[in-house]
Amino acid sequence: MAYFMRAFRVYRKRLKNVLKARILKVFPQLEGEFPDIPLTPSPSQELGDFSVPCFFLSKLLRISGEEIAQRVAKDFEGNRYIGSMEASGPYLNFRLRREFFYPLVIRESLRLEEGVALFPKRRRRVMIEYSSPNTNKPMHLGHVRNNVLGMALGGLLETVGWEVILVNLVNDRGIHICKSMLAYEKWGEGATPEAEGLKGDAFVGRYYVMFEQSLRRERERFMAERYGGEGGLSTALSLEEFLALIRERKLVEEGLLERARREVRTPKELEAFLRKSVGKKIWREIQRSRRQEEQRRKELLDEREREFLRHSELMAEATELLRRWEAGDQQVRRLWRRMNRWVYRGFRQTYRRLGCRFDKWYYESETYRLGKELVQRALKRQPDFVYRRSDGSVWARLEGVVDGIALQEKLLLRGDGTSVYITQDMGTAVRKFQDFPIHASIYVVASEQRLHFINLFEILKRLGYRWADRCYHFCYGMVTLPRGQGKLKSREGTAVDADDLLDDLEARVREKVLENGNVPPGSVDRVVRQVALGALKFFILLVNPGKDMVFDPGKAIEFTGDSGPSIQYSYARIRSIYRKASSSLRRAFRGEEVDYSLLREGEEEEILFLLFRFDEVVWQAAEKYSPSILAHYLLQLSRAYARFQHSCPVLGAEGRELRKARLGLCLATAAVLRRGCEILGIPLPSRM
RNA sequence: GCGCCUAUAGCUCAGUAGGAUAGAGCAUCGGUUUCCUAAACCGAAGGUCGCAGGUUCGAGCCCUGCUGGGCGCACCA
């Protein structure tokens, strides 16, 4: 018995060989330079099971696809694999022999239930860094996407044979942590998460928000004092300001402006109004003026912000804490350790809920100095690449174009010798390859950091690390709130907290579970957790990682339709059928031959052909780093199963042989759903 | 100002390395339960695939331009 699932691949190979032989019989001149056959599922069952678009040979043969298809199909007599062939335009459609194909699909799928691997081991290790939270606040929706994608990617790579090392690089030091610490020192009055009945990370996050709020108040006072009422100036122009700007620059006639004033209520509407009413040239001029004005304001605001930060007492205190932390001040370190412990305790709970696994934890407080040494060494050994400026700062001379992006000089050490973000990441990258014999290193980090990683990998490459081009930034899009609410801002407390989200989902699931009453009381809690998690994860995994996604906390996650619970539901119903099957039927199914060619309904066929694609889908999802491919497939299978179950009775089918065959189909479907969900990190309850 | 990403049904998303008539779900309207879990099933309606060109037997997918949206271009992380 093979230790991995290979029958599908062998079968596809044979199928192609048979097709190739047939084509060669008709076109012997193709011998020697035969291209790979593009085998695709037929668009509809009426046409056939599989199709080959014959364009792929028309260049070689210099015959139209139509004629090729016709000549290949003509007088085909059938063989062990293929029953019949038919040309339809340039497509060669054919049907498989059921008596051979069906048992193959079902038996092979059932082996998944016995724990058979999908692919052989590759004896290669890959490290995946994901999650990487800051320890000053709880994880929010953005982290949830990261965690869910990280785990799913790990599952996929493991499935295709990699040994996967999952790591978390915790950002446990820096000014943001000092902000929480300062607020706690000032206003905490010795409170603890236990005393407040709060999760540790939520507790600490509260002080971070407190700091930011006080800072905002301080900013407002400062701006009001220094700049009068204009303290609250914003970058974007208000309607009045926009109108005034256009008048001041005499860009359009007074009359038009008056009309605009009557018809328009917001800057956005004014924009639309003007675009319609003025010529292209003037419109451009307006756009340019507006941008100019906004740029001017931005610079002004930035200058004022810098000025404020220089004078801010709170910031001064936070910076002082950071300085003492770096100097190893015992008291500060004690507080830091204490607060971080609280946070980790909270994080571990959340990770447990989300089903995250980490094989190794890295802490920036331990790794942040590593990069400095690299820089110092490069400064000596590669002066043409890494050099010091007169102000003491150290730079990398990056140039050229990578992925369409022109590289620029990059700061590696500040004038005072301290390291910056990229310096730390350089050190950690090297550390990873020292700690583990890994072949590749993947970073699951949001797309806003694309440039950072391009720079990082390029620097490592220039420093002579061969593995630099086996580092990969798995970037995923931002999670945004609907209706232009923009980013989730944890500072302002507008972020959707991961724990709150799960709590909310669980409450809704619980209601439904209790209402349905299919779950024994002792299992309700577990099932509720599984279904809520399935809903959340599936919602995220369904979306292509590269794309931004809109998350509407109120509406986004439904338990109906394209959702995790709908897949869990299909699975639960199969388990239910199996539970209700008589023991004699189960025995017969296990012990006797089953005639799967009895499965002749369209609904049954649809499932069989989907099952047959499972290994390919997983392979492709892994190859493309795209869990959404697998997620969509599972949904498709689950839908097909629901249709089948609606129209084909299993236990009530006519005849014991048909009952056996259908039971096999159900269990094969369950096996594939289970394995697929397992890969993605989605739990499947057997009742719900 | 420069660069990267993106634009598919009212909304949220798919679209398999150019291939047959562009698909799901939600929402809307209509139907299905003495039957293995109605978190389901069936049907209707909904589209100039942002706009304009180009490449070829063929383009939602590739190229060019334009427009809208997101992100980036820190001695922040």
Side-chain angles (χ1 to χ4, degrees), chain A residues 38 40-44 47 51 53 55-56 58 64-66 88-91 93 134 171 174-176 275 288 291 295 364 391-395 401 403-406 408 411-416 418 420-422 424-425 446-452 454 475 477-478 480 482 484 486-487 509 512-513 515-518 531 535 539 542-544 546-552 555-556 558-570 572-581 613 616-617 620 624 628-629 631-633 635-636 639 642-643 645-647 649-653 666 687-688:
Chain A
T40 64
S42 302
S44 82
L47 289 167
S51 308
F55 311 102
F56 81 110
S58 52
S64 75
E66 228 158 303
S88 149
Y91 293 89
N93 300 316
N134 293 350
N171 188 349
I175 189 71
H176 43 287
R275 197 185 328 176
R288 231 188 42 167
R291 264 203 302 272
Q295 184 66 27
E364 278 200 9
D391 62 1
S393 59
V394 177
W395 295 72
V401 175
D403 288 350
I405 294 170
Q408 290 175 358
L411 177 83
L412 298 183
L413 294 177
R414 294 193 188 97
D416 62 7
T418 55
V420 292
Y421 183 42
I422 200 159
Q424 302 170 26
D425 265 2
S447 57
E448 51 190 350
Q449 297 199 33
R450 250 197 92 193
L451 180 60
H452 168 74
I454 287 173
C475 69
M478 320 245 69
T480 54
K487 279 178 78 168
V509 171
K512 183 83 178 156
V513 167
E515 179 193 319
N516 290 356
N518 294 319
V531 174
F539 180 75
L542 221 42
V543 181
N544 204 318
K547 290 194 173 181
D548 290 351
M549 64 181 275
V550 177
F551 190 92
D552 185 335
K555 248 188 75 182
E558 295 296 332
F559 306 139
T560 58
D562 280 358
S563 72
S566 72
I567 292 175
Q568 293 171 318
Y569 183 66
S570 287
R573 289 185 69 181
I574 297 174
R575 299 314 310 171
S576 170
I577 286 176
Y578 188 70
R579 278 194 301 272
K580 290 188 175 159
R613 281 179 47 203
E616 270 186 321
V617 168
Q620 201 189 6
K624 291 189 166 177
S628 71
I629 292 174
H632 277 281
Y633 165 83
L635 212 48
Q636 214 184 331
R639 264 200 307 267
R643 270 194 294 273
Q645 207 190 35
H646 187 260
S647 48
V650 178
L651 302 179
C666 288
R687 299 170 200 256
M688 64 189 276

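Order of the sequence lines fixes the chain letters, A, B, ..., with proteins taken first and strands second; residue numbering starts at 1 for each chain.
Atom name C1', nucleotides rA9(B) and rG60(B): the rounded distance is 14 Å, in whole Å. If you take atom P in rU48(B) and the same atom in rU55(B), they sit 25 Å apart, rounded to whole Å. Nucleotides rA24(B) and rC42(B) have their C1' atoms positioned 16 Å apart, rounded to a whole Å. Between rG3(B) and rA44(B), the distance separating the two P atoms is 48 Å to the nearest Å. Spacing between rC36(B) and rG43(B) at atom P, rounded to whole Å, works out to 23 Å. Taking the P atoms as reference points, rA22(B) lies 34 Å from rA38(B), given to the whole Å. With P as the reference atom, rA20(B) and rU32(B) are 37 Å apart, rounded to whole Å. Across rU21(B) and rA39(B), the matching C1' atoms stand 32 Å from one another, rounded to whole Å.
Checking rU12(B), rA20(B), rG70(B) against the side-chain heavy atoms of Asp548(A) singles out rG70(B) as nearest.
Of all heavy-atom pairs between Val420(A) and Leu412(A), the closest is CG2-O, 3.7 Å. The shortest heavy-atom contact between Ser42(A) and Ser51(A) is OG-OG, 2.7 Å. For the residue pair Asp548(A) and Gly477(A), the shortest heavy atom distance occurs at OD1-CA, 3.3 Å.
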Check: Going through the checks in order, is the ring-ring contact (aromatic ring centres under 6.0 Å, His included) test met by Tyr569(A) and Phe559(A)?
Finding: CA-CA 10 Å; Tyr569(A) 183 66; Phe559(A) 306 139; over 10 Å; no

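In this structure, rA45(B) shows a glycosidic angle more than 90 degrees from zero, which is the anti conformation.
Nucleotide rA20(B) holds its P atom 15 Å from the CD atom of Glu66(A), rounded to whole Å. Atoms CE (Met478(A)) and C1' (rC71(B)) sit 8 Å apart, rounded to a whole Å. Straight-line distance from the CG atom of Asn544(A) to the P atom of rU12(B): 16 Å, rounded to whole Å. Per the geometry, NZ belonging to Lys624(A) stands 11 Å off C1' belonging to rC61(B), to the nearest Å. Spacing between atom CZ of Phe56(A) and atom C1' of rA17(B) amounts to 17 Å, rounded to whole angstrom units. Taking atom CZ on Phe55(A) and atom C1' on rA59(B), their separation rounds to 13 Å, with Å as the unit. The distance from atom OH of Tyr633(A) to atom P of rA24(B) is 18 Å, rounded to the nearest whole Å. In this structure, the CG atom of Leu635(A) is 12 Å from the P atom of rA14(B), given to the nearest Å.
Stacking between Tyr91(A) and rA20(B) is present: the aromatic ring centre lies within less than 5.5 angstrom of the base six-membered ring centre, and the two planes differ by under 30 degrees.
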Atom pairs under 3.5 Å: protein N/O with N/O of nucleotides 2-6 of chain B:
unit_1, atom_1, unit_2, atom_2, d
rG3(B), O3', Gly404(A), O, 3.3
rC4(B), O2', Arg450(A), NH1, 2.2

Listing time: all N or O pairs from protein to nucleotides 74-77 of chain B that are below 3.5 Å?
unit_1, atom_1, unit_2, atom_2, d
rC75(B), O3', Arg414(A), NE, 3.4
rC75(B), O2, Gly415(A), N, 3.2
rC75(B), N4, Asp391(A), OD2, 2.1
rC76(B), OP2, Arg414(A), NE, 2.5
rC76(B), OP2, Arg414(A), NH2, 2.6
rA77(B), OP1, Arg414(A), NH2, 2.8
rA77(B), OP2, Arg414(A), NH2, 3.4
rA77(B), OP2, Tyr421(A), N, 3.4
rA77(B), O3', Asn171(A), ND2, 3.1
rA77(B), O2', Asn171(A), ND2, 2.8

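Contact annotation for Asp425(A): no contact, since no heavy-atom pair falls under 4.0 Å across all strands. Note on Ser42(A): nothing from the nucleic acid sits closer than 4.0 angstrom, heavy atoms only.
Partners of Tyr633(A) under the ring-ring contact (aromatic ring centres under 6.0 Å, His included) rule, at least two apart in sequence or in another chain, are Phe614(A). Among residues two or more places apart in sequence or in another chain, the ring-ring contact (aromatic ring centres under 6.0 Å, His included) test is passed with Tyr91(A) by Phe55(A).
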Margin query: For a quick check, with a 4.0 angstrom heavy-atom cut-off, what is the B/S/- contact string for nucleotides 34-40 of chain B, read 5' to 3'?
Written below: --BBSBS

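In this model, the phosphate group of rG23(B) is not approached by any side-chain N or O of Gln636(A) to a distance below 4.0 Å at OP1 or OP2.
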Next item on the list: Any chance you could encode RNA chain B as dot-bracket? Rule is Watson-Crick or G-U wobble with both distances under 3.5 Å; [ ] for pairs crossing earlier ones, | for another strand.
Entry: (((((((..((((.....[...)))).(((((.......))))).....(((((..]....))))))))))))....

